[in-house]
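Presented below is the structure to which this report refers.
Keep in mind it's a predicted model, so treat the numbers as computed, not measured. First the proteins, then the strands, lettered A, B, ... as listed; each starts at 1.
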Amino acid sequence: MKVLNKKNLVILLAVLVVYGGVQAAIAARLIPPFYSVNLMLICVYVILATSLNLINGVTGQFSIGHAGFMAIGAYLSAIVSVKLHGPLGAAILAGGIVSAAVGFLVGLPTLRLKGDYLAITTLGVGQIVQVVFFNTNYVGGAAGFTVPRTVNWTWAFWLTVISVVIIHNFTNSTHGRACISVRENEIAAEAMGINSTKYKVMAFTLGSFLGGLAGGLYANYMYLIQPTTFSFLTSFNILVMVVLGGLGSMTGSIVGAVVMTVLSAYLSQFPEWRMVLTALLLIVVMLFRPSGLLGTKEFNLGFLGKKGESRAA
Amino acid sequence: MLLKLEHLSKSFGGLKAVADLNIEIGQGELVGLIGPNGAGKTTVFNLLTGVYEPSEGKMIFAGKDVGGLRPYQVTHRGIARTFQNIRLFGDLSVIDNVKIAFHQHAKYSAFSAILRLPSFFRSEDEMESKALALLEVFHLRGRAGEVAKNLPYGEQRRLEIARAMATEPRLLLLDEPAAGMNPQETRGLMELIRWLRDNFQLTILLIEHDMSLVMGVCERIYVLDYGMIIASGTPEEIRTDPKVIEAYLGEEAI
């Protein structure tokens, strides 16, 4: 089968080594809690950054309300696992589906807006979601919602892998190309028979779904979720990861998510310097690499195969 | 009749960009639309492709009214276009530009793409070979992997036509295809246009300022001035029509 080519086997092997290595270290109790929390956060943020990249980078829309969809996924999965005593998988999936549904309903009218206007609207949606959970006593309101920890490394890691594979496979298909064409030139895309509204909404809905999954992971690991966690700052943080890695590059988003999470973990002892250094990093990257660390390019393993094997050109 | 425009009008506020336009184009014809700057030629194309909605009148394509459709729906009906100012997907490769235009003929859903079902591979292989074959026709196969914006100007124009052809149209609208080309490139383009029409059972409507191209390839010409048709006929008839000369050169020149 074509799926099992050399390149994919190498990637699969690398993924298994990372998973096995960390799993063994956890089993041997070699990883202190500080690191395991941050490993988990890396998984959550990789999903969030790659899914936002699908909307902002691949399709060229400008959403800054991604934490809102994370919140929906988090709260919905928490309701399913705590109030309805559902299994973890069902809880996370429910969070993703509801988040996707909200994304679809929000996207349909707002994706006709362009640039700044869409940004303002998605910002507003993020705020509304936060305020709704603030004022809903059923989920604890401002005090927060206590959720037992059921997510472990296996869940977090494989859910991240699945999300990344979904995004990669979608982007590298005729449907992903349709999204890219909308980013490149919407008028030309329409003239080539591409329903731009459909693909904007599709990317937005898929992005919201995966954002919801990330929220579900987060909620079922962190013991406590509060509306303040899903503030504008979180949305902004995800956006910074995407821009840092390079808008339109999925591997760039992964790098951005890892770098930012590790950075803020190590800077958490110096909270007064954290924001300064993150801002400085962003300024330096924008000065020297305005299109982000990887631009729109993907990090690939092409050098392993024959030259030009991955691209039949 | 493949395309029939009946009393087509478009006004922007008080300005009538196109007024009471009647055009008929038969299957397989190669028709030119000329006129001075600002005569409303591109507006006609924008009406035909759904970018603008007509204020009045009807557009019948292949027996069906295409007025009020969105641009992508018009393309699905079989009308493709190129743009006066090139609108390629500049940062994408040449082959991806063509593959995007094949999108409506792709035979797999987003779901099968995510799961990488066999239909994905079958359809992608098919699109790849069709795209390469099309690039071969336009002498662009060697450029397939290059970024579109890095092509020389003449090749970008050719790629735009190749991309339009990938939508598998019955009617091709060319908006100033020879703009910015040197006489040699223009001659090559004329041959290409004729060849396309003959080999793809295509009907072509083109806007052009280059009179050597219009007079050389078009079988019939419509002349537009101030949004109205002032003359129509064969190239010979147009060349000697006093109204056309007046529109282009001013009244005193007659």
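The 12-atom threshold is exceeded at CZ of Arg194(B), counting heavy atoms of other residues, nucleotides or ligands nearer than 6.0 Å. Environment of CD in Glu126(B): crowded, with over 12 heavy atoms of neighbouring residues, nucleotides or ligands closer than 6.0 Å. Asp116(A) CG: 12 or fewer foreign heavy atoms inside a 6.0 Å radius. Counting heavy atoms of neighbouring residues, nucleotides and ligands inside a 6.0 Å radius, atom CZ of Phe104(A) does not exceed 12 of them. By the 6.0 Å contact criterion, OH on Tyr117(A) is open, its count of non-hydrogen atoms from other residues, nucleotides or ligands being 12 or less.
For the pair Phe83(B) and Ile187(A), the minimum side-chain heavy-atom distance is below 4.5 Å. When side chains are defined from C-beta on, Phe89(B) does not count as touching Arg183(A), because their heavy atoms never get closer than 4.5 Å. Looking at Asn195(A) and Tyr72(B), their side chains come closer than 4.5 Å, going by heavy atoms from C-beta outward.
Taking OG1 of Thr174(A) as the reference point, atom CD1 of Ile100(B) lies at 8.0 Å (rounded to 0.5 Å). The distance from atom NE2 of His103(B) to atom OG of Ser181(A), rounded to the nearest 0.5 Å, is 8.0 Å. Atom CG of Asn185(A) is separated from atom CD1 of Ile86(B) by 12.0 Å, given to the nearest 0.5 angstrom.
Listed in order of number, the residues of residues 161-173 of chain B that approach chain A to under 4.5 Å between heavy atoms are Arg163(B), Ala164(B), Thr167(B).
Pairs of residues two or more places apart, or lying in two chains, that qualify as salt bridge (Lys or Arg N to Asp or Glu O under 4.0 Å) and include a residue from residues 156-177 of chain A are Arg177(A)-Glu124(B). Each salt bridge (Lys or Arg N to Asp or Glu O under 4.0 Å) pair with one or both residues in residues 192-209 of chain A, not counting sequence neighbours, appears once here: Glu186(A)-Lys200(A). Residue pairs meeting the salt bridge (Lys or Arg N to Asp or Glu O under 4.0 Å) criterion with at least one partner in residues 69-79 of chain B, sequence neighbours excluded, are Glu190(A)-Arg70(B).
Here Ala110(B) is the residue among Gly90(B), Ala101(B), Ala110(B) with the most heavy-atom pairs under 4.5 Å with chain A. Ranked by heavy-atom pairs shorter than 4.5 Å toward chain A, the options Leu88(B), Leu135(B), Val94(B), Thr75(B) are led by Thr75(B). Between chain A and the residues Ala106(B), Gly142(B), Ser109(B), Ser112(B), the most heavy-atom pairs under 4.5 angstrom are made by Ser109(B).
Closest heavy-atom contact between Leu206(A) and Ile114(B): CD2-CD1, 4.4 Å.
In this structure, chain A has no heavy atom under 4.5 Å from any part of Ala80(B). At a 4.5 Å heavy-atom cutoff, the contact between Tyr108(B) and chain A is made by backbone and side-chain atoms alike. Using a 4.5 Å cut-off between heavy atoms, His76(B) touches chain A through its side chain atoms alone.
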### Message
Apply ring pair (Phe, Tyr, Trp, His ring centres under 6.0 Å) to residues Phe111(B) and His175(A) and explain how you reach the verdict.
### Response
CA-CA 10 Å; Phe111(B) 195 66; His175(A) 304 283; over 10 Å; no
